Protein chains: 2
Amino acid sequence: MATEPADTPRRTSLSKEIVLREAVALADEAGTGAPSMRRLAERLGVEAMSLYHHFRNKDMILDGMIDLVFGEIELPSDVDWRTAMRRRAVSMRGTLIRHPWAISLMDSRTNPGHATLRHHNAVIGCLRSGGFSIAGAAHAFSVLDSYIYGYTLQELSLPFKSSVDLEDVAGSILNQMPRDEFPHLTEMILDRALKPGYAYTEEFDIGLDLVLDGLQRQRESWL
Amino acid sequence: MATEPADTPRRTSLSKEIVLREAVALADEAGTGAPSMRRLAERLGVEAMSLYHHFRNKDMILDGMIDLVFGEIELPSDVDWRTAMRRRAVSMRGTLIRHPWAISLMDSRTNPGHATLRHHNAVIGCLRSGGFSIAGAAHAFSVLDSYIYGYTLQELSLPFKSSVDLEDVAGSILNQMPRDEFPHLTEMILDRALKPGYAYTEEFDIGLDLVLDGLQRQRESWL
DNA sequence: GGTTGTACCTTACGGCGTAAGGATAGCGGC
DNA sequence: GCCGCTATCCTTACGCCGTAAGGTACAACC
């Protein structure tokens with residue numbers, strides 16, 4: 001009944017978004033690695049080669065997926081810089097954990113999308129408003145992102161999800177390991193990993209606060 | 001003339017080491033990603049399937065390659081903990097940069113090899129001798145490795161090597177970007193990346209010292 | 001001299017990204 | 001109503017990939 005307006009040029013960009021959204025969903029389900037063109041096409045009810053009408057090659061799809069993920073990260077809110085950076089860090093870790101394939105893909109991607117640029121811009125803006133010099137904001141951005149990426153990278157590479165699995169894995173590593181050759185490692189595994197209540201979130205927060213403390217202390221000395 | 005001693009059992013383990021050494025060399029030359037079984041075999045003057053006599057599957061080769069890389073990282077020397085951790089961090093970054101394929105492979109690898117375990121053990125031992133409690137050593141290890149991995153990950157994903165390339169790339173991003181939409185980002189690129197003398201090593205050191213300062217300050221409060 | 005084990009090879013399968021080109025359907029203009 | 005254009009999708013094919021299954025050559029040992 002209601003006639004669609006003549007938005008034929010829209011159809012392409014709409015299709016692009018659908019493809020990317022499904023690609024992200026597919027990658028999330030698979031858990032790791034990028035989906036293949038064939039599987040992605042199948043999910044869309046289409047042949048693999050049809051995707052090449054909307055994207056020059058697979059890399060363009062991966063770029064788009066990464067940008068979609070970046071769009072999920074909470075932009076720094078309008079509070080003091082430390083609270084804003086803390087919230088952003090927590091949101092970023094959450095997003096990267098929700099999309100475990102993303103962090104491995106970021107290595108190879110170098111063309112930042114619109115959401116990525118907006119995100120970076122907002123972070124720098126927040127730091128500048130918080131009293132950081134340009135150089136200081138660059139240092140803060142670098143050390144924060146390094147910590148967040150690195151922590152999440154390691155967290156994702158752990159071969160377990162719950163702390164029940166943790167005990168199993170830690171135990172089996174322990175059993176395979178020549179304990180007397182690595183006494184300090186043995187001690188740490190026994191003392192920490194096998195004790196109940198070891199939480200990744202807590203460990204993340206400890207390092208994050210250490211970094212934020214350092215930034216607060218250096219802020220005015222970075223001119 | 002000189003008859004070889006009957007060390008047939010050695011041949012297997014020797015062959016394993018040769019395969020791994022060549023695999024690392026091949027990956028270094030290719031720059032990114034793991035070498036394929038076929039290419040690796042070709043380099044060794046052998047067919048692809050022959051490799052499966054020494055390794056159960058490709059993952060075992062990747063595990064071995066990672067452990068070889070870990071073996072290159074300088075163990076913490078016998079000085080004060082801060083100097084030792086600083087040296088280890090610099091060495092670790094250097095190693096990961098020399099083998100750019102390694103950091104992306106570590107995501108998926110979960111079976112630490114002997115060199116990896118020795119390395120971890122030595123780091124923990126150094127921290128414990130430096131007065132860190134078990135929990136404190138765990139926190140320190142976590143935040144340090146997170147920073148080093150994350151920084152290197154980002155450094156490797158940059159699409160250039162020299163600062164000449166940097167100017168080109170930064171300039172082209174700048175030109176493609178709607179400058180007025182991202183004023184802070186624009187300002188930072190103009191002020192920093194396009195100024196000569198921007199050095200990654202310097203940036204790495206700034207964050208590293210910030211983390212080390214934080215550790216020094218917290219050391220005794222972590223019981 | 002027959003047995004056993006190690007090292008390597010051959011062949012084949014299903015999956016991958018994508019180059020090249022063909023089919024179809026909806027559109028504006030005549 | 002018909003024509004040609006363009007956007008969209010499909011078919012086929014190529015050269016890669018990891019590896020399952022099974023074969024061959026040869027040295028070491030009984």
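Throughout, a chain's letter reflects where its sequence line sits, starting with A, and its residues are numbered from 1. Note that the structure is a prediction, hence the values are computed from the model and not measured.
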Trainee: Does any N or O in the side chain of T152(B) come within less than 3.5 Å of the main-chain N or O of I148(B), such that one atom is a donor and the other an acceptor?
Mentor: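 Such a contact is found between T152(B) side chain and I148(B) backbone.
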
Trainee: For DNA chain D, which residues in residues 27-40 of chain A have a heavy atom at a distance below 4.0 Å?
Mentor: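 DNA chain D contact set from residues 27-40 of chain A: R38(A).
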
Trainee: Mind running salt bridge (charged side-chain N to carboxylate O under 4.0 Å, His left out) on R88(A) and D145(A) for me, showing each step along the way?
Mentor: CA-CA 10 Å; R88(A) 180 193 86 104; D145(A) 267 24; 2.4 Å; yes

Trainee: Would you give me the side-chain donor-acceptor pairs under 3.5 Å for residues 57-65 of chain A, sequence neighbours excluded?
Mentor:
residue : atom : partner : partner atom : Å
N57(A)  : OD1  : D59(A)  : N            : 3.2
N57(A)  : OD1  : M60(A)  : N            : 3.3
K58(A)  : NZ   : P35(A)  : O            : 3.0
D59(A)  : OD1  : R109(A) : NH2          : 3.3
D63(A)  : OD1  : R109(A) : NH1          : 3.0

Trainee: Please assess L44(A) against I18(A) for the test side-chain contact (heavy atoms from CB on, under 4.5 Å), listing each intermediate value before the final yes or no.
Mentor: CA-CA 9 Å; L44(A) 292 159; I18(A) 290 177; 3.9 Å; yes

Trainee: Is any side-chain nitrogen or oxygen of H54(A) closer than 4.0 Å to OP1 or OP2 of dC9(D)?
Mentor: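 For dC9(D), OP1/OP2 do have a side-chain N/O of H54(A) under 4.0 Å.
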
Trainee: Closest approach to the side chain of S50(A), judged atom by atom: which nucleotide of dC16(C), dC10(D), dC17(D) is it?
Mentor: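 The nucleotide sitting nearest to the side chain is dC10(D).
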
Trainee: Taking the nucleotide of DNA chain C with the closest heavy atom to each, which residue, A48(B) or Y52(A), is nearer the 5' end?
Mentor: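 The residue whose closest nucleotide sits nearer the 5' end is A48(B).
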
Trainee: Rounded to the nearest angstrom, tell me the gap between atom NE2 in H53(B) and atom P in dG23(D).
Mentor: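 Rounded to the whole Å, the gap is 14 Å.
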
Trainee: Carefully, step by step, assess L96(A) and M106(A) under the rule side-chain contact (heavy atoms from CB on, under 4.5 Å).
Mentor: CA-CA 11 Å; L96(A) 292 175; M106(A) 287 179 183; 3.9 Å; yes

Trainee: Apply salt bridge (charged side-chain N to carboxylate O under 4.0 Å, His left out) to the pair R39(B) and E29(B), showing each step before the final yes or no.
Mentor: CA-CA 12 Å; R39(B) 280 195 208 288; E29(B) 287 164 22; over 6 Å; no

Trainee: Can you check the L51(A) CG to dT18(C) P distance for me, whole Å?
Mentor: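 Taking CG of L51(A) and P of dT18(C), I get 11 Å after rounding.
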
Trainee: Quick one: E42(B) CD to dG15(D) P, roughly how many Å, whole number?
Mentor: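 After rounding, the gap between these two atoms is 16 Å.
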
Trainee: In the structure I gave you, are the side-chain heavy atoms of F55(B) and M37(B) within less than 4.5 Å of one another anywhere?
Mentor: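 A side-chain contact under 4.5 Å is absent here.
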
Trainee: May I have the distance from D59(B) (atom CG) to dC17(D) (atom C1'), rounded to whole angstrom?
Mentor: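 For the pair D59(B) CG and dC17(D) C1', the rounded distance is 14 Å.
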
Trainee: Could you please name the option among dA19(C), dT11(C), dC8(C) that lies closest to any side-chain atom of M49(A)?
Mentor: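 For M49(A), the side-chain atoms sit closest to dA19(C).
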
Trainee: Without decimals, in angstroms, what is the distance between L44(B) CG and dC8(C) P?
Mentor: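 Result: 10 Å.
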
Trainee: Output the rounded distance in Å from CZ (R56(A)) to P (dG17(C)).
Mentor: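 About 17 Å, once rounded to whole Å.
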
Trainee: Any side-chain heavy atom of V24(B) within less than 4.5 Å of one from D28(B)?
Mentor: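 V24(B) vs D28(B): side chains touch.
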
Trainee: Among H120(B), H99(B), H114(B), which residue meets the ring-ring contact (aromatic ring centres under 6.0 Å, His included) test with F70(B)?
Mentor: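 Option passing the ring-ring contact (aromatic ring centres under 6.0 Å, His included) with F70(B): H120(B).
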
Trainee: Rounding to a whole Å, what distance do you find between E47(A):CD and dT11(D):P?
Mentor: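 Distance check: E47(A) CD to dT11(D) P gives 5 Å.
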
Trainee: Using five base pairs at each end to define the local axes, how bent is the helix from dG1(C)-dC30(D) to dC30(C)-dG1(D), to the nearest 10°?
Mentor: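 What I find for the helix from dG1(C)-dC30(D) to dC30(C)-dG1(D) is an axis angle of 10°.
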
